[in-house]
Number of protein chains: 2
Amino acid sequence: MAERRSTQAPHSARAELTDALYDFFQAARRARGRAAGDMAGGLSLAQYHVLEPLGKGPRTNRELAELAGISAPTATRIVDGLLDRGWVSRVADPTDRRAVVISLTETGRGALTKKQREYVARRRQIADALDPHEQEVAAGLLRRLAAVIEEL
Amino acid sequence: MAERRSTQAPHSARAELTDALYDFFQAARRARGRAAGDMAGGLSLAQYHVLEPLGKGPRTNRELAELAGISAPTATRIVDGLLDRGWVSRVADPTDRRAVVISLTETGRGALTKKQREYVARRRQIADALDPHEQEVAAGLLRRLAAVIEEL
DNA sequence: TATTGTTATACTCTATAACTATA
DNA sequence: TATAGTTATAGAGTATAACAATA
């Protein structure tokens, strides 16, 4: 393999990784598309991204918007939907009456936990394609790639 | 490092990779979000996914829908938008007058090529975070992970 | 005045159902 | 009848601008 690249570089490691990243992102996009409207679990991706931070405790609307990377009105709308399903509560903050405190209900915690377990199971399935040594290498590489992507 | 796992497995390679996959997908999601409404380049992600197959030649509406993983009416609507911008043409197929043939215009090919180059440049930036040997390893791992994700 | 949240409005992407034209 | 495409309709997710309440 390496000898083919000793005199020329028609397929440099850099170019191969660039291509592999394309394939990987494509695969992730398609998987995401398959899961995006996943109302089977009763929880859309956008709702999940708002619900997830609530797993660690109550948050204001502004905080949720920031954590989910969406605008405040969008957060309001998504929380409206979660309220309709009884997954969250929204009450005025007694210490700052401009703000609202959004919290998970018991039902909501159940739905969130169920979804989180599904996602963990899916990631484990992916991880299981590699042997233990490869898993260790892959974890390190993915962490570094994630850091670079964040900085982009 | 390995000795810590010799007697117990609180952080097995599998669990570490599962976590790393979470971080990586999160980073990719945020990057995607930043680019999704990217009308700066004048080309939304959905439009790009329809335009891309046209780079290899004309396609019917049904083919485009299938390749982009969307319904036929959605493809029609997106093609409507691309027509408005003068990036594609849509003419009746002479051999089967139920069908339409959608093709890139010169302007459209320019926009597509420009976007493709942007994406390649971004993936190269990511690849450049690793040294050549790591790039080779990473390419192989990502290809295998992509295959698993597709099968999920 | 500045901040927090909501309402009003609008646009994109998405789908299903109904319809037209052609095979 | 079956297929290709479009139109009609609906709903989620997204944003910005305007507004109300509170700090």
Side-chain angles (χ1 to χ4, degrees), chain A residues 29-52 54 58-85 87-103, chain B residues 29-52 54 58-85 87-103:
Chain A
R29 171 175 86 86
R30 281 192 284 263
R32 187 165 204 76
R34 290 193 294 269
D38 175 349
M39 301 307 285
L43 192 50
S44 77
L45 223 39
Q47 287 175 324
Y48 178 75
H49 293 139
V50 167
L51 215 54
E52 194 185 34
L54 293 177
R59 298 283 185 270
T60 65
N61 191 275
R62 182 185 59 68
E63 287 169 340
L64 281 187
E66 218 162 79
L67 292 165
I70 58 184
S71 69
T74 299
T76 295
R77 177 172 300 202
I78 291 178
V79 168
D80 285 344
L82 296 173
L83 275 167
D84 287 347
R85 291 159 192 259
W87 285 340
V88 302
S89 65
R90 182 169 55 191
V91 301
D93 182 339
T95 71
D96 180 347
R97 283 163 52 216
R98 291 171 305 179
V100 292
V101 177
I102 297 145
S103 316
Chain B
R29 170 174 88 85
R30 281 193 284 262
R32 187 167 204 75
R34 289 194 295 268
D38 175 349
M39 300 307 284
L43 193 50
S44 78
L45 222 40
Q47 288 175 323
Y48 179 76
H49 292 140
V50 167
L51 214 54
E52 194 184 34
L54 293 177
R59 298 282 186 273
T60 66
N61 192 276
R62 182 185 58 69
E63 287 169 340
L64 281 186
E66 218 162 79
L67 291 166
I70 57 183
S71 69
T74 298
T76 295
R77 175 169 300 202
I78 290 178
V79 168
D80 286 345
L82 296 174
L83 274 168
D84 287 347
R85 292 159 191 258
W87 285 340
V88 302
S89 65
R90 181 168 56 190
V91 300
D93 181 340
T95 71
D96 180 346
R97 283 165 49 217
R98 292 172 305 181
V100 293
V101 177
I102 297 145
S103 316

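Residue numbering restarts at 1 for every chain, and letters A, B, ... go by the order of the sequence lines.
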* Take atom CD1 of I78(A) and atom P of dA12(D), then tell me their distance rounded to the nearest Å. => 11 Å
* Rounded interatomic separation in angstrom, taking CZ from R90(B) and P from dA4(D) -> 16 Å
* To do: Report the residue (A75(B) or T74(A)) whose heavy-atom-nearest nucleotide on DNA chain D is the more 5′ of the two.
  => A75(B)
* What about R77(A): does its side chain form a donor-acceptor pair under 3.5 Å with the base of dT14(D)? -> yes
* Indicate, with a heavy-atom threshold strictly under 4.0 Å, whether D96(B) touches base, sugar-phosphate, or nothing. => sugar-phosphate
* To do: Would you tell me if any nitrogen or oxygen in the side chain of T76(B) comes within less than 4.0 Å of OP1 or OP2 on dT7(D)?
  => no
* For dA4(D), does OP1 or OP2 lie under 4.0 Å from any side-chain N or O of R62(B)? -> yes
* To do: Could you please name the option among dC13(C), dA15(D), dT4(C) that lies closest to any side-chain atom of I70(A)?
  => dA15(D)
* Structure fact -> Per side-chain contact (heavy atoms from CB on, under 4.5 Å), L54(A) is matched among L67(A), V79(A), I102(A) by I102(A)
* Can you name the nearest heavy-atom pair linking A75(A) to A65(A), along with the distance? -> CB-CB, 3.9 Å
* Structure fact -> Tested for side chain to side chain donor-acceptor pair (under 3.5 Å) against R90(A), the lone hit among N61(A), T76(A), D80(A), T60(A) is D80(A)
* Asked: Does a distance-only test, which skips hydrogens and angles, find a donor-acceptor pair under 3.5 Å between the side chain of R97(A) and the base of dT22(D)?
  -> no
* Structure fact -> N61(B) atom CG is separated from dA21(C) atom P, nearest whole Å, by 18 Å
* Structure fact -> One should read off an interatomic distance between R59(A) CZ and E66(A) CD, to the nearest 0.5 angstrom, of 11.5 Å
* What nucleotide, of dT6(C), dT3(C), dA15(D), holds the atom closest to the side chain of S71(A)? -> dA15(D)
* To do: Measure the distance from CG on L82(B) to C1' on dC13(C) and round it to the nearest whole Å.
  => 13 Å
* Report the distance from atom CG of L64(A) to atom CD1 of I78(A), rounding to the nearest 0.5 Å. => 9.5 Å
* To do: Verify the contact: side-chain N or O of R98(A) to OP1 or OP2 of dT6(C), cut-off strictly under 4.0 Å; return yes or no.
  => no
* Nearest to side-chain heavy atoms of T60(B), which nucleotide of dT16(C), dG5(D), dG5(C) -> dG5(D)
* For L45(B) and dT14(D), give me the distance from atom CG to atom C1', rounded to whole Å. => 14 Å
* Nearest-Å distance for atom pair CZ/P, residues R29(B) and dG13(D) -> 13 Å
* Euclidean distance, atom CZ of residue R85(A) to atom C1' of dA12(D) [Å, nearest integer] -> 11 Å
* Structure fact -> Between OH of Y48(B) and P of dC13(C) the distance, given in whole Å, is 16 Å
